[in-house]
Amino acid sequence: GAGVSQSPSNKVTEKGKDVELRCDPISGHTALYWYRQSLGQGLEFLIYFQGNSAPDKSGLPSDRFSAERTGGSVSTLTIQRTQQEDSAVYLCASSLDYSGSLEDQETQYFGPGTRLLVL
Amino acid sequence: AQSVTQLDSHVSVSEGTPVLLRCNYSSSYSPSLFWYVQHPNKGLQLLLKYTSAATLVKGINGFEAEFKKSETSFHLTKPSAHMSDAAEYFCVVSDTGNQFYFGTGTSLTVIP
């Protein structure tokens, strides 16, 4: 079946402009995550959506970053007034419900990422 | 607080020789642990995961990892490296199921 898709695959923008990155999770997956991967770094957690619960925004690096998830499916990550340090690969992942049991903890399925370059 | 340390940023092995990628974690609870692989220009793919069942976990492509609580380690191994194993490998820890902490990655090079 279809995996997680992200668009655009590449985005070049000028400093100070706003960008929107899109994630289409696997159908039926209620959990959705955004990560940032900078060159030579591990993945940095940004935000987590689980069903209709309030999102966990604890990883967002500044108030220029925001994300929404409409209808429990597609998610958009918005970066306002982009800075050069925002240049990175932005990865989206989805998974089935977290049941509360570590035994049942579900696997994250990752999209191919959006490579953002801020000039 | 949870964290993951991948002790080697780069590992180079000859084709057909064993692979060892090291990972140590810290967690306040009984963690779940994962290894993901990222091939060039490809998405992250789960290799294997540990969720408090058997401590020796077998994954795809002949990889396995052993959870050692006393050493807080979850090293990834493979008996014989293949050229197609060349990639970036990430160790991941989670103890709540809704936040995952990634190591900085280990780049594996396989020499023909």
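Side-chain atoms are counted along with the backbone in the values below, which use heavy atoms only and exclude waters and symmetry mates.
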Cluster check [X], [Y]: I/L/V/M/F/W/Y, side chain < 4.5 angstrom:
X: A/V89; Y: A/V118; result: no
X: A/Y35; Y: A/L116; result: no
X: B/F34; Y: B/L56; result: no
X: B/Y25; Y: B/Y50; result: yes
X: A/Y90; Y: B/L44; result: no

| Any sub-3.5 Å donor-acceptor pair from A/Y109's side-chain atoms to B/L46's backbone N or O? |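 Looks like no, no N/O pair under 3.5 Å.
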
| request: Please report the C-alpha distance between A/Y48 and B/F100 in whole Å, then the side-chain angles of each, then the deciding distance to 0.1 Å, and finally whether the ring-ring contact (aromatic ring centres under 6.0 Å, His included) criterion is met. | output: CA-CA 10 Å; A/Y48 161 72; B/F100 295 80; 8.2 Å; no

| said: As an exercise, state the distance from CG of A/L43 to OH of B/Y101, rounded to the nearest 0.5 Å. | reply: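 Reported to 0.5 Å precision, the distance equals 13.5 Å.
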
| For the rings on A/F45 and B/F102, is their centre-to-centre separation under 6.0 Å? |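 A/F45 vs B/F102: aromatic centres not under 6.0 Å.
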
| Is A/E85 atom CD crowded by more than 12 heavy atoms from other residues, nucleotides or ligands, each under 6.0 Å away? |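 More than 12 within 6.0 Å, yes.
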
| field | Contact origin within B/Q45 toward chain A - heavy atom pairs under 4.5 Å | value |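 When you check distances to chain A, no heavy atom of B/Q45 falls under 4.5 Å.
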
| A/Q37 versus chain B, the contacting section by heavy-atom distance below 4.5 Å |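 Contact with chain B involves the side chain of A/Q37 alone.
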
| message | So for A/S58, is it side chain, backbone, both, or neither that comes closer than 4.5 Å to the heavy atoms of chain B? | response |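 For A/S58, side-chain heavy atoms alone lie under 4.5 Å from chain B.
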
